[in-house]
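Before any comments, here is the structure.
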Amino acid sequence: MKLLTKAIREKMIANGKAQDAVRGTEDEIDFEPVVKLFNPCGAGTWLLTELDSDDPDIAFGLCDLGMDCAELGSVRISELESVRGPFGIGIERDLHWTPKQTLLGYAREAWKAGRIVA
């Protein structure tokens with residue numbers, strides 16, 4: 001499965017460009033996540049909002065590796081695509097997930113619960 005479709009990639013690039021204009025200011029944008037990725041064979045969930053405009057392989061979002069410490073940060077899409085678990089199963093995109101709040105809302109819930117609650 002392709003982790004990011006063309007439409008998802010375009011939305012995340014647009015979000016990255018919009019964020020570039022206000023990054024580091026009080027006007028930074030708290031986007032709704034565009035995509036949820038997960039490890040079907042174990043821990044690992046990523047709620048991603050944007051792609052870096054200079055390096056679109058770098059995504060930003062809420063990352064939870066299952067160690068009770070979800071954090072906001074960056075991840076390389078190519079690294080997620082290269083992960084292989086048992087039987088060669090890789091990271092997947094949640095096809096049935098839709099965001100219900102902004103990334104910071106999910107982050108606050110995750111910090112309380114010790115994991116992403118999506």
Side-chain angles (χ1 to χ4, degrees):
M1 169 189 292
K2 193 163 180 96
L3 292 183
L4 304 181
T5 64
K6 182 179 179 187
I8 290 170
R9 185 172 289 281
E10 288 173 354
K11 175 66 174 164
M12 291 177 69
I13 288 171
N15 285 355
K17 287 179 180 177
Q19 194 72 279
D20 284 344
V22 295
R23 193 174 316 281
T25 73
E26 63 185 35
D27 295 324
E28 280 194 13
I29 305 163
D30 183 18
F31 294 108
E32 284 187 341
V34 176
V35 65
K36 176 185 175 188
L37 306 177
F38 68 98
N39 180 351
C41 297
T45 303
W46 298 263
L47 301 179
L48 305 176
T49 58
E50 59 204 78
L51 290 172
D52 188 294
S53 58
D54 293 327
D55 184 352
D57 186 42
I58 299 175
F60 179 81
L62 183 62
C63 307
D64 179 1
L65 299 180
M67 297 182 278
D68 296 329
C69 59
E71 62 182 35
L72 295 169
S74 299
V75 62
R76 283 201 173 272
I77 297 298
S78 58
E79 286 183 17
L80 293 177
E81 289 173 336
S82 72
V83 170
R84 290 291 171 258
F87 308 106
I89 296 172
I91 303 301
E92 295 186 11
R93 177 172 24 97
D94 189 334
L95 301 176
H96 305 287
W97 181 81
T98 55
K100 301 205 178 352
Q101 59 185 327
T102 66
L103 189 65
L104 190 53
Y106 282 109
R108 287 182 179 131
E109 284 183 356
W111 295 333
K112 284 182 188 174
R115 63 181 176 81
I116 291 176
V117 181

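If you read the sequence from its start, that first residue is 1, and numbering goes on from there.
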Task: Side chain to side chain, D55 and R76, heavy atoms closer than 4.5 Å - done: yes
- [ ] Evaluate the side chain to side chain contact (heavy atoms under 4.5 Å, CB included) criterion for residues Y106 and L72: first the C-alpha distance (whole Å), next the side-chain angles of each, then the deciding distance (0.1 Å), finally the verdict.
- [x] CA-CA 10 Å; Y106 282 109; L72 295 169; over 6 Å; no
Open item on the list: Would you say L104 ends up clustered with L47 if hydrophobic residues are merged whenever their side chains have heavy atoms under 4.5 Å apart, either directly or through other cluster members?
Closed with: yes
Open item on the list: Can you give me the closest heavy-atom contact between C63 and G73, atom names plus distance?
Closed with: SG-O, 4.1 Å
Task: Same apolar cluster (I L V M F W Y, side chains within < 4.5 Å links), V75/M67 - done: yes
TODO: Looking only at non-hydrogen atoms, find the nearest pair between A70 and A110 and report the distance.
DONE: CB-CB, 3.8 Å
TODO: Mind listing the closest non-hydrogen atom pair of A118 and K36 along with its distance?
DONE: O-NZ, 3.8 Å
TODO: Could you check E32, E109, R108 and say which one makes a side chain to side chain donor-acceptor pair (under 3.5 Å) with Q101?
DONE: E109
Task: Distance, nearest 0.5 Å, that separates CD of E50 from NZ of K17 - done: 13.0 Å
Open item on the list: If I take atom CD1 from residue I58 and atom OG from residue S74, how far apart are they, to the nearest 0.5 angstrom?
Closed with: 6.5 Å
Open item on the list: So, taking the atom named CD1 in I8 and the one named CD1 in I13, what distance separates them when rounded to the nearest 0.5 Å?
Closed with: 12.0 Å
- [ ] Any chance you could measure S82, atom OG, to I77, atom CD1, to the nearest 0.5 Å?
- [x] 11.0 Å
TODO: Working to the nearest 0.5 Å, report the span between CZ of R93 and CG of L80.
DONE: 13.0 Å
Open item on the list: Testing the basics here: between A59 and M12, what is the closest heavy-atom pair and its distance to 0.1 Å?
Closed with: CB-CE, 4.1 Å
TODO: Quick one: closest heavy-atom pair of V117 and A113, and the distance?
DONE: CG2-CB, 3.7 Å
Open item on the list: I'd like to know if W97 and L48 are part of one continuous hydrophobic network [Ile/Leu/Val/Met/Phe/Trp/Tyr, side-chain heavy atoms within less than 4.5 Å].
Closed with: no
Task: Electrostatic pair D64:R115 at N-O distance under 4.0 angstrom - done: no
TODO: Start with the C-alpha gap between T49 and N15, add the side-chain angles, then the distance that decides, and say whether side-chain hydrogen bond (donor to acceptor under 3.5 Å, both in side chains) holds.
DONE: CA-CA 7 Å; T49 58; N15 285 355; 5.7 Å; no
TODO: Kindly determine whether Q19 and F31 satisfy side chain to side chain contact (heavy atoms under 4.5 Å, CB included), including the steps that lead there.
DONE: CA-CA 9 Å; Q19 194 72 279; F31 294 108; 3.8 Å; yes
- [ ] Would you mind checking if D20 and R23 are paired as a salt bridge, meaning a charged N to carboxylate O distance below 4.0 Å?
- [x] yes
Open item on the list: If you compare all heavy atoms of P86 against all heavy atoms of C41, which two are closest, and at what distance to 0.1 Å?
Closed with: CD-CB, 3.7 Å
- [ ] Flag yes if W46 and V35 sit in one hydrophobic cluster, no otherwise; membership is Ile, Leu, Val, Met, Phe, Trp, Tyr, and two members link when side-chain heavy atoms are under 4.5 Å apart.
- [x] yes
Open item on the list: Under 4.5 Å between side-chain heavy atoms, counting indirect links through other Ile/Leu/Val/Met/Phe/Trp/Tyr residues: same cluster for V34 and L62 or not?
Closed with: no
Open item on the list: I need the K11 NZ to L4 CG distance, nearest 0.5 Å.
Closed with: 14.0 Å
